[in-house]
> 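Encoded as structure tokens, here's the structure I'll be asking about.
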Amino acid sequence: MLASIGYAVAYTGVGIALLVLGFFVLDLLTPGHLGRHIYEDRSVNAGVTLAAGFLGQGAIVFASIWTNATSGFGRALLYTVVFGVLGVLLQAVAFVVLDLITPGRLGEHLMKPGFHPASLVSGAAELAVAAIIVASIWP
């Protein structure tokens, strides 16, 4: 049981680090400070997009651990880090592509306090990219 507790702590630490990385990447892609837009300005749009990114990252981390745990802790942890970072990068690419193919600046739409449908589209893109990565991990 102690080994499993250690694994849980290690995987959770990696998972939290990946969520933080995803937060900072989205913060770089959007104007202003993402946390301030969500918690002070109460931007539902920014919250929806970040929440979708977090859910997608969680699914990637889960799939990496679940499918590789029997191959040993080190290998599974490596898969988790590699596919987690890949998820952050590919979600960022999807964000940039969505920004290029839609009118206006996506980041500006997502930081507005009032609801904007772009947040749903952006969130769906984040989840879709994560689902594609999860499918590529699954045996």
> Check the angle between the aromatic planes of Phe73 and Tyr7 and answer parallel, tilted or perpendicular using the 30° and 60° thresholds.
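Parallel.
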
> In sequence, state the C-alpha distance, the side-chain angles, and the governing distance for Ile16 and Tyr11, and then conclude on side chain to side chain contact (heavy atoms under 4.5 Å, CB included).
CA-CA 9 Å; Ile16 290 170; Tyr11 286 128; over 6 Å; no

> First locate atom CD1 of Ile132, then atom CD1 of Ile137, and finally report the distance between them rounded to the nearest 0.5 Å.
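If I round to the nearest 0.5 Å, the distance is 12.0 Å.
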
> With rounding to the nearest 0.5 angstrom, report the CG to CD distance, Leu26 to Glu126.
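Taking CG in Leu26 and CD in Glu126, the distance rounds to 6.5 Å.
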
> Under a 3.5 Å distance rule, please check whether Ser119 uses its side chain to pair with a backbone N or O of Leu110 as donor and acceptor.
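Here the side-chain-to-backbone pair does not exist.
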
> Which residues satisfy the side-chain contact (heavy atoms from CB on, under 4.5 Å) test with Ala94, sequence neighbours excluded?
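For Ala94 the side-chain contact (heavy atoms from CB on, under 4.5 Å) partners, ignoring immediate neighbours, are Val129.
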
> Nearest 0.5 Å, what's the OH-CG distance between Tyr39 and Leu34?
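That separation rounds to 9.0 Å.
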
> For Val25 and Ala92, work out which heavy atoms get closest and say how close.
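Here Val25 and Ala92 meet closest at CG1-CB, 3.6 Å.
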
> Any chance you could measure Ser64, atom OG, to Arg75, atom CZ, to the nearest 0.5 Å?
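These two atoms lie 12.0 Å from each other.
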
> For Val97, which residues count as a side-chain contact (heavy atoms from CB on, under 4.5 Å) partner, sequence neighbours excluded?
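Val97 satisfies side-chain contact (heavy atoms from CB on, under 4.5 Å) with Val93 once adjacent residues are dropped.
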
> I'd like to know if Arg105 pairs up with Asp99 as an ion pair, taking the criterion as any Lys NZ or Arg NE/NH1/NH2 lying under 4.0 Å from an Asp or Glu carboxylate oxygen.
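The answer is yes: the pair qualifies as a salt bridge.
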
> With a 4.5 Å limit on heavy-atom distance, are the side chains of Gln57 and Gln91 in contact?
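In short, these two side chains touch, coming nearer than 4.5 Å.
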
> Is it the case that one hydrophobic cluster holds both Leu98 and Leu89, taking links as side-chain heavy atoms less than 4.5 Å apart, direct or via other members?
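Yes, because Leu98 and Leu89 connect within a single hydrophobic cluster, where side-chain heavy atoms sit under 4.5 Å apart.
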
> So if you build clusters from Ile, Leu, Val, Met, Phe, Trp, Tyr with side-chain heavy-atom gaps below 4.5 Å, do Leu86 and Tyr79 land together?
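Yes, same cluster.
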
> Does the side chain of Arg42 come within less than 4.5 Å of Ile38's, by heavy atoms?
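No; the side chains remain at least 4.5 Å from each other.
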
> Hey, are the side chains of Phe24 and Leu29 touching, using non-hydrogen atoms and a 4.5 Å cut-off?
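Contact flag for Phe24/Leu29 side chains = no.
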
> Any side-chain to backbone donor/acceptor pair from His37 onto Pro31? Under 3.5 Å, distance only.
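Pair found, side chain donor or acceptor close to backbone of Pro31.
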
> Would Leu50 end up clustered with Val44 when hydrophobic side chains under 4.5 Å apart are linked, directly or stepwise?
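Not linked; separate clusters.
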
> For a 4.5 angstrom cut-off between non-hydrogen side-chain atoms, does Met111 reach Asn45?
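SC-SC contact between Met111 and Asn45 ruled out.
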
> Do Leu127 and Phe23 sit in one hydrophobic cluster, given that two such residues count as connected whenever their side-chain heavy atoms are within less than 4.5 Å of each other, even indirectly?
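Not linked; separate clusters.
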
> Run the side-chain contact (heavy atoms from CB on, under 4.5 Å) test against Leu78 and tell me which residues pass, sequence neighbours left out.
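Testing Leu78 for side-chain contact (heavy atoms from CB on, under 4.5 Å), a comparison that skips the adjacent residues, returns Val82.
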
> Within a strict 4.5 Å, meaning less than it, do heavy atoms of the Phe95 and Leu106 side chains meet?
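With C-beta onward as the side chain, the pair touches.
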
> Would Leu21 end up clustered with Leu77 when hydrophobic side chains under 4.5 Å apart are linked, directly or stepwise?
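Yes, it is one cluster - the side chains of Leu21 and Leu77 are joined through contacts under 4.5 Å.
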
> Any sub-3.5 Å donor-acceptor pair from Ser71's side-chain atoms to Asn68's backbone N or O?
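Yes: the side chain of Ser71 pairs with the backbone of Asn68.
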
> Which heavy atom of Ile60 sits nearest a heavy atom of Phe83, and at what distance?
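Shortest heavy-atom separation between Ile60 and Phe83 comes out as CG2-O, 3.5 Å.
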
